[in-house]
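Structure record follows, encoded as structure tokens.
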There are 2 protein chains.
Amino acid sequence: MMTVSRALRGAYGVNPKTRERVLRTAKEMGYIPNQVASNLAQNKTNTIGVIVPDIGLSFFPNVFHQLESEFSAQGYNLFICCSYDQPEKERKEVMALISRRVDGIVLAPASWKESYGAARLILDQDCPLVLIDRRIKGLDVDTVIVDDYGGAVSAVNHLIEQGFRRIVHLSGGQNIWTSRERLRGYRAALRDAKINIKEAWIILAGLTVESGEEAMTRLLEQNANFDAIFCVNDPVALGAYRALQRHGGKAPKPIALIGFAGIQETEMLETPLSTVQQDDARIGREAAQLLLNRIGPNANESKPVCLKIPTQLIIRASTTALIKS
Amino acid sequence: MMTVSRALRGAYGVNPKTRERVLRTAKEMGYIPNQVASNLAQNKTNTIGVIVPDIGLSFFPNVFHQLESEFSAQGYNLFICCSYDQPEKERKEVMALISRRVDGIVLAPASWKESYGAARLILDQDCPLVLIDRRIKGLDVDTVIVDDYGGAVSAVNHLIEQGFRRIVHLSGGQNIWTSRERLRGYRAALRDAKINIKEAWIILAGLTVESGEEAMTRLLEQNANFDAIFCVNDPVALGAYRALQRHGGKAPKPIALIGFAGIQETEMLETPLSTVQQDDARIGREAAQLLLNRIGPNANESKPVCLKIPTQLIIRASTTALIKS
DNA sequence: TTGTAAGCGTTATCAA
DNA sequence: TTGATAACGCTTACAA
């Protein structure tokens, strides 16, 4: 039995002839080893859990693609779970992954404050954890994020350089790290330019096309006298763009519009949208490396790392030629 | 030990007081059951494997979203694997899933002919299997597909009704079911309208934006005298659109363009693209139901089912106002 | 190089 | 209602 086990795994200490014979017989029998039993015996599952708010949303497919490549190459399979931004579902998925004894977890937390418990649960089991895209309040753990603050500053600075002063921000929920940081960047850029910050111009939209369209429509109906919009992300910018097209008559003048994240869709509009591009694939790659370094016998015991991936300002017509309506 | 096991699972035959005491103690200890051991003992993993060409591609995120919802609600976790259209990688992933003793597999096969072996492998292990989006030659198994043929016919008929006769088809690789069916529909529609089929106008592009752009650019350089284009899918149509914009001067006249699948991006172009819409969520939902019906003690033993989800023709400016260049 | 025994953490089965 | 025993199919540790 042990000889067969060794032969099939390609372990040392088996006579080449014996190994040959084992492999041949296994093939003849159509024998497929039971990984579940192996996992139990080894207390190692070669499995990684990935929890994201929504796999179909904006940049997560890109990140996941990269995670899949990296981990698959190392012989891992991935469990993927969606929290749909609900901390309770997130918690439930964390429990499931821990019960299944995954070797590590990649988490894009649902909430800045409410995801703490779920993350704590993971760490208390000594399960390696890497956070992506969003941080969690009070938690020091390996993390790969984007320079949301810096990106927002560069976006708003760009608007200011183009001569805009009346800049609205369509923001995302403040329970999400990225939304907070981008709002912080918006404020900082205005402050540094000595432009008065109007709280009424910081509008809670959300992170979806629909929420952007709604928020923009409301704003237009108020006949607000703004001349530029910085959106928390590209889907919201797309929604705002749609609203401008539909209710454009109400816009005070040509409007400048800039988003964040660099999704493909906004590039091909009649007026292509400016944006702050982030390197999705790199987030996935770095996260995978970080996690792999924490797994296994020669696991790295060093202090948690936080990688902040730089962004790139992409200037298109929506902030130069503007959106006429 | 058995009492604890029963209590934690919520099984019958435990004194309420005892159960109470067990649950309390487990909580105090921070005890988390080991699913790996449970899986081994029960020979059941509550795990489903999903294999798709690329999770980030076109409609797979939508399908996956639905799969996740359905299975998660039933207590299953999902392994997700990408074949990247390579039959060998697909085969490798199938082996991994079988070794891990998943309770069922949802497969979007990489190839019409070359995926047969992988699927056979699954069925030979008596592992429930549902195919989505694409069929496999010679394989009769539960399947959820779109009415690709009918959708293609309706798209081409629409072009014909608009008065176009010189219709080009940018097709996808013929090793993929959907590409084959859509090409078949193109031929049938032309034949029924007694329009001569020019083989030179059936152009192998691929399934990506890039491939569509390339193919269209090549065609424009040939000064071909066509007046409409039916694309195998929306990404290819988007690529063709781009090419028309860039090299438009070479287009013989305003061109009609229609795609397939109904991705969001093409709706917001300067000239919104017509398309054949498919119900992605429904594919996921039906596939999940089909698979769940084949799992467990009261598994359905009926003959394999093939669900063909109807499509819907969406007419936009690209086939009525046309694309001027 | 091969083989034996014990154990991984559950659950099925049968007895108390 | 509770408990003892033997799997589940593999791997680790050690002996031959």
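Below, read A as the first sequence line, B as the second, and so on, with proteins coming before strands; counting in each chain starts at 1. For the numbers below, each heavy atom of this structure counts, side chains included, while hydrogens, waters and symmetry mates do not.
At distances below 3.5 Å, at least one donor-acceptor pair connects side-chain atoms of A/Arg9 with backbone N or O atoms of A/Ser5. Distance alone, capped at 3.5 Å, is enough to place a donor-acceptor pair between the B/Thr143 side chain and the B/Val141 backbone.
Under the 6.0 Å cut-off for aromatic ring centres, B/His65 and B/Phe59 do not qualify, their centroids lying 6.0 Å or more apart.
How far CZ of A/Phe60 is from SG of A/Cys82: 9.5 Å, rounded to the nearest 0.5 Å. Taking CD of B/Glu286 as the start and CD of B/Glu70 as the end, the distance is 9.0 Å to the nearest 0.5 Å. The line from CG of B/Leu107 to CG of B/Asp142 is 13.0 Å long, rounded to the nearest 0.5 Å.
Rounded to 10 degrees, the angle separating the terminal axes of the helix from C/dT1-D/dA16 to C/dA16-D/dT1 is 30°, with each axis obtained from five end pairs.
What separates OH of B/Tyr12 from P of C/dA12 is a distance of 15 Å, to the nearest Å.
A/Tyr116 is linked by a ring pair (Phe, Tyr, Trp, His ring centres under 6.0 Å) to nothing, counting only residues two or more places apart in sequence or in another chain. Listed by chain and residue number, nothing satisfies the ring pair (Phe, Tyr, Trp, His ring centres under 6.0 Å) test with B/Tyr31 (two or more places apart in sequence, or in another chain).
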Next item on the list: Heavy atoms under 4.0 Å is the rule here; annotate nucleotides 5-16 of chain D 5' to 3' with B where the base is hit, S where only the sugar-phosphate is, and - elsewhere.
Entry: ---BBBBBB---
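Less than 4.0 Å separates DNA chain D from at least one heavy atom of each of the following residues of residues 13-23 of chain B: B/Gly13, B/Val14, B/Asn15, B/Thr18.
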Check: Given B/Glu90 and B/Ser115, is the side-chain contact (heavy atoms from CB on, under 4.5 Å) satisfied, shown in steps?
Finding: CA-CA 8 Å; B/Glu90 183 174 67; B/Ser115 289; 2.6 Å; yes
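Residues in residues 32-45 of chain B take part in these side chain to side chain donor-acceptor pair (under 3.5 Å) pairs, two or more places apart or across chains: B/Ser38-B/Gln42, B/Lys44-B/Asn46, B/Lys44-B/Tyr76, B/Lys44-B/Asp103, B/Thr45-B/Asp103.
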